[in-house]
J.: 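This is the structure I have questions about; it appears just below.
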Amino acid sequence: LRLVTQVYNKLEVVYLEPYHPSEEEKADARLYADNVQKAISQASGLPVTNLGYKDKLQYHDLMRKQYENLHKRGFTLPFLRYTKPDVILEQGTECVKSQMKRKSQ
């Protein structure tokens, strides 16, 4: 919803050459999909993942539960909503360690 309520949205469109499946790919849709995914990954410079929407929902549910658990214990992680997952885990771990150290003193 936020996407359509912003004044403007910036995006970059990259046109790729058409991908023509080999005979093996025509016989195996999974192989075709994997190879198209690799081609898009190479063109975009982004890594290939096998994660889907269901995985995203599970991740958000896990992060929400962890945040609620920490919040109940008196910890705050204000950067949680706006940070990449690997940074959350790295910074969150350090933040929790430092807060636990302060609480134990």
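This is a predicted model, so every value here is computed, not measured.
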J.: For Q37 versus T49, what's the shortest heavy-atom pair and its separation?
T.: NE2-O, 2.8 Å
J.: Can you see which heavy atom on P47 is nearest to which on S41, and at what distance?
T.: C-OG, 3.8 Å
J.: Go through the structure and list residues passing salt bridge (charged side-chain N to carboxylate O under 4.0 Å, His left out) with E17, not counting sequence neighbours.
T.: none
J.: Give, for atom CD of E23 and atom CG of D28, the distance between the pair rounded to the nearest 0.5 Å.
T.: 13.0 Å
J.: To the nearest 0.5 Å, what is the distance between NE2 on H20 and NZ on K26?
T.: 10.0 Å
J.: Would you say that V36 contacts Y32 through its side chain, given a criterion of any heavy-atom pair below 4.5 Å between the two side chains?
T.: yes
J.: Sort out for me which residue in D55, L51, L57 forms a side-chain contact (heavy atoms from CB on, under 4.5 Å) with Y53.
T.: L57
J.: Do you know the tightest heavy-atom contact between I40 and L16?
T.: CG1-CD1, 4.2 Å
J.: Can you see which heavy atom on E25 is nearest to which on Y19, and at what distance?
T.: OE2-OH, 2.6 Å
J.: Taking only Lys NZ, Arg NE, NH1 and NH2, and the carboxylate oxygens of Asp or Glu, determine whether D34 and R30 approach each other closer than 4.0 Å.
T.: yes
